[in-house]
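So the structure is just underneath, and the comments pick up after that.
All chains are named by letter (A, B, ...) in the order of the sequence lines, taking the proteins before the strands, and each is independently numbered beginning at 1. Side chains included, hydrogens not; waters and symmetry mates left out as well; all remaining heavy atoms used.
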Amino acid sequence: MSAYVLTDSWTMTRRELAHWARQPVQVVVSLVFPVMLLLMFGYLIGGGRAVEGQYVDYLVPGMLALTMAFGLEGTMVGVTQDLNKGVIDRFRSMPMADGAVLVGRSAADMLQSAIGLVVLIGVGLALGWRPHAGPGEFLGAVGLLLLFRFAMLWVGIQLALVAGRPELVQAVQILVWPVGFLSNALATPAAMPDWLGTVVQWNPMSQTATAVRDLFGGPGGESGHVWAAVAWPLALLAVFFPLAVRRFRALGG
Amino acid sequence: MCSVADAVITVEDAHKTYGGKGTKKALDGLDLVVARGTVHGVLGPNGAGKTTLVRILSTLLRPDAGRVEVAGHDVLTEARAVRLRIGLLGQHAALDEELGGRQNLEMFARLHHLGARHARVRADELLERFDLGDTGRKPVRAYSGGMRRRLDLAASLVTDPEILFLDEPTTGLDPHGRAEVWSAVRSLVGGGTTVLLTTQYLEEADQLAHRVSVVDRGRVIADGTPDELKSRTGGDRIDVVLRDAGQLGAAVALLPLPAADIRVDADRRLLSAPVVDRMTALSGVVRALEEGGIQAEDVALRRPTLDEVFLHLTGAEEVAA
């Protein structure tokens with residue numbers, strides 16, 4: 001490890017921020033998209049969901065978790081784009097710290113997701129969602145969401161490194177949708193066939209959504225799920241973080 | 001340590017095979033020594049292994065076997081020490097296309113661990129030097145090919161590297177852009193930088209390189225100064241251009257040169273042959289043409305081109321003739 005991990009990572013993070021400044025429209029679209037989904041499910045499709053209480057109280061935490069999961073796509077696209085451009089050769093032939101490229105990517109993606117959460121929470125509140133949580137529980141819920149996003153980030157980096165080419169990434173991207181919807185983000189498993197409900201409950205995203213609903217004090221929350229919402233992302237990280245770092249180092253094998 | 005005094009690049013028996021099947025041998029026992037402060041040309045056709053060599057030397061690719069040292073450091077075990085001392089201009093622009101020229105240079109300078117102020121000053125210097133001062137915030141993807149190449153070269157020079165790798169630096173450039181790159185390379189060497197340059201253009205190696213290694217199928221098949229390589233393939237040649245292509249046959253019979261050595265190019269009405277003694281051959285040819293009543297447009301002595309050298313060395317001459 002080099003003494004320059006922090007400065008190099010900061011330089012690489014600033015590079016991503018400079019990209020945002022160059023393409024504000026893209027940034028806005030990525031923030032508006034989850035809002036659109038929220039509105040769509042809240043008003044167009046969500047009327048008949050079998051959820052006790054206000055559907056919006058069930059939907060908003062689910063959408064927050066779903067947005068964290070979908071963040072995977074942006075990470076994958078960002079990583080593959082870098083890998084397939086000449087600039088990666090310059091980075092790799094420079095005396096910069098090993099992990100700086102990946103850390104820069106993570107920092108920028110986490111920042112974008114945090115902003116995404118703020119926007120979505122704001123829109124949720126405007127739609128009438130009312131979390132019944134103290135500041136500690138509220139922050140705890142946000143922390144769980146970001147932890148889940150962080151795990152998805154490294155899953156995304158690894159998948160992008162394995163896929164390598166933008167065409168393959170597109171294929172994986174499409175799979176994010178069914179996997180994302182195969183959760184309790186939008187509908188309660190109670191309303192699903194048994195086998196499907198089981199699959200859905202095992203989805204790590206469902207664990208996060210359930211724990212977050214619990215912390216926000218809304219419908220669909222079950223106490224005792226916080227540990228699962230911590231354990232799942234940590235388990236994913238334990239697998240994908242070392243894989244991705246090793247894969248990145250092995251570029252040029 | 002090094003077999004040659006002041007060798008700054010040493011490659012011994014380097015091997016590299018792509019893909020699991022072991023079908024494509026990119027390097028097949030390549031040896032190379034580059035002396036400090038020189039321009040070393042690596043000349044070869046597409047697929048000879050030139051880019052693989054540069055990628056190994058610049059730590060982007062690991063050799064399967066062999067010893068590779070750059071500036072006294074092993075590329076496998078001391079990659080970081082190597083990276084501190086090299087600059088790389090690859091075949092494709094290694095730039096962030098979304099950012100502007102100054103943003104790119106400042107970023108690379110920061111990654112070479114220059115302070116913020118120093119990085120800014122350095123970026124300005126390089127933009128000025130490579131005539132990119134007025135590009136403003138325009139993203140690199142909107143640059144012309146020549147501008148991109150200049151910025152790429154500037155980016156590989158942010159810290160005045162000890163060794164600069166140029167992988168086909170003028171491929172795809174117009175003659176003007178090519179001349180610009182050439183003059184930049186010459187001025188670098190004046191400053192003490194060692195340059196390893198790969199090229200398919202024989203003229204480029206002739207123009208820039210002190211020594212040339214001819215590479216084919218992953219090995220060096222010849223090594224020497226451009227002059228040495230030329231004399232190895234038979235020394236000077238004489239070219240005779242006739243006014244009338246119909247007289248080519250008659251001229252071959254008349255010239256005081258072994259008929260078997262004379263190459264005939266009917267399209268250009270050209271006869272070409274190697275000579276031993278320049279002046280004797282020249283006066284003999286002119287006299288023979290006069291006496292035979294054959295009108296010549298041009299008679300000239302010349303050194304062989306590196307094209308001829310390369311064809312000769314790869315044994316393709318018989319095929320081409």
Side-chain angles (χ1 to χ4, degrees), chain A residues 1-27 30 74 77-105 107-108 164 166 246-253, chain B residues 16 18-20 51-52 54-64 70 75-76 79-100 103-104 106-116 119 137-141 148 152 155-156 158-159 161 165 167:
Chain A
M1 268 289 148
S2 122
Y4 292 102
V5 178
L6 287 180
T7 51
D8 289 353
S9 300
W10 174 228
T11 305
M12 294 308 289
T13 308
R14 282 209 330 221
R15 166 175 179 248
E16 298 301 333
L17 301 185
H19 286 169
W20 293 4
R22 290 268 177 181
Q23 285 158 343
V25 175
Q26 213 170 306
V27 176
S30 76
V77 171
V79 173
T80 9
Q81 277 180 352
D82 266 354
L83 286 183
N84 285 279
K85 283 180 181 162
V87 71
I88 195 79
D89 280 351
R90 188 164 306 286
F91 291 143
R92 292 185 53 236
S93 69
M94 291 176 71
M96 61 192 282
D98 261 349
V101 172
L102 297 183
V103 177
R105 156 71 39 205
R246 216 177 64 174
R247 185 102 194 172
F248 187 78
R249 285 214 178 116
L251 290 174
Chain B
K16 180 72 193 179
Y18 290 115
T51 296
T52 302
V54 168
R55 291 181 72 81
I56 286 176
L57 289 170
S58 53
T59 76
L60 293 176
L61 204 60
R62 280 179 279 271
D64 297 336
V70 175
V75 292
L76 282 175
R80 211 185 126 71
V82 171
R83 290 173 186 159
L84 278 168
R85 291 164 177 84
I86 61 168
L88 170 66
L89 180 66
Q91 271 187 50
H92 306 287
L95 299 165
D96 190 322
E97 304 263 324
E98 304 305 318
L99 303 181
Q103 278 179 308
N104 266 283
E106 274 190 47
M107 171 174 70
F108 295 131
R110 293 308 302 268
L111 291 173
H112 268 292
H113 308 128
L114 268 57
R137 272 180 52 80
K138 189 157 84 166
V140 171
R141 93 183 111 72
R148 198 177 299 225
D152 210 10
S156 55
V158 276
T159 51
F165 299 114
D167 192 11

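- Heavy-atom neighbours of A:Arg246 CZ from other residues, nucleotides or ligands within 6.0 Å: at or below the threshold of 12.
- Among the candidates A:Thr7, A:Asp89, A:Asp82, the residue making the largest number of heavy-atom pairs closer than 4.5 Å to chain B is A:Asp89.
- The residue among B:Arg137, B:His92, B:Arg85, B:Glu106 with the most heavy atom pairs within less than 4.5 Å of chain A is B:Arg137.
- If you measure heavy-atom distances from B:Ala79 to chain A, you find no contacts under 4.5 Å at all.
- Highest contact tally toward chain B, considering only A:Ala18, A:Ser93, A:Gly86, A:Ala21, is held by A:Ser93 [criterion: heavy-atom pairs under 4.5 Å].
- A:Arg22 CZ to B:Glu98 CD: the interatomic distance, rounded to the nearest 0.5 Å, is 8.5 Å.
- The distance from the NE2 atom of B:His113 to the CE atom of A:Met94 is 8.0 Å, given to the nearest 0.5 Å.
- Interface check for chain A: of the options B:Thr59, B:Leu99, B:Val82, B:Asn104, the most heavy-atom pairs under 4.5 Å are formed by B:Leu99.
- Counting heavy-atom pairs closer than 4.5 Å to chain A, the top residue among B:Gly87, B:Ser58, B:Ser156 is B:Ser156.
- Listed options A:Arg14, A:Gln23, A:Lys85, A:His19 were ranked by heavy-atom pairs under 4.5 angstrom with chain B; first place goes to A:His19.
- Proximity of A:Val103 to A:Met12: side-chain heavy atoms (C-beta onward) are nowhere separated by under 4.5 Å.
- A:Arg92 contributes atom CZ, which lies 5.0 Å from atom CG of B:Leu60 (distance to the nearest 0.5 angstrom).
- Ranked by heavy-atom pairs shorter than 4.5 Å toward chain A, the options B:Leu95, B:Thr159, B:Leu111 are led by B:Leu111.
- A:Thr11 and B:Arg110 share no donor-acceptor pair across their side chains, judged by distance under 3.5 Å alone.
- Heavy-atom distances place both the backbone and the side chain of B:Phe108 under 4.5 Å from chain A.
- With sequence neighbours left out, B:Asp152 forms a salt bridge (Lys or Arg N to Asp or Glu O under 4.0 Å) with A:Arg90, B:Arg149.
- Chosen from B:Val158, B:Leu89, B:Ile86, B:Asp96, the residue pairing most often with chain A at heavy-atom distances under 4.5 Å is B:Asp96.
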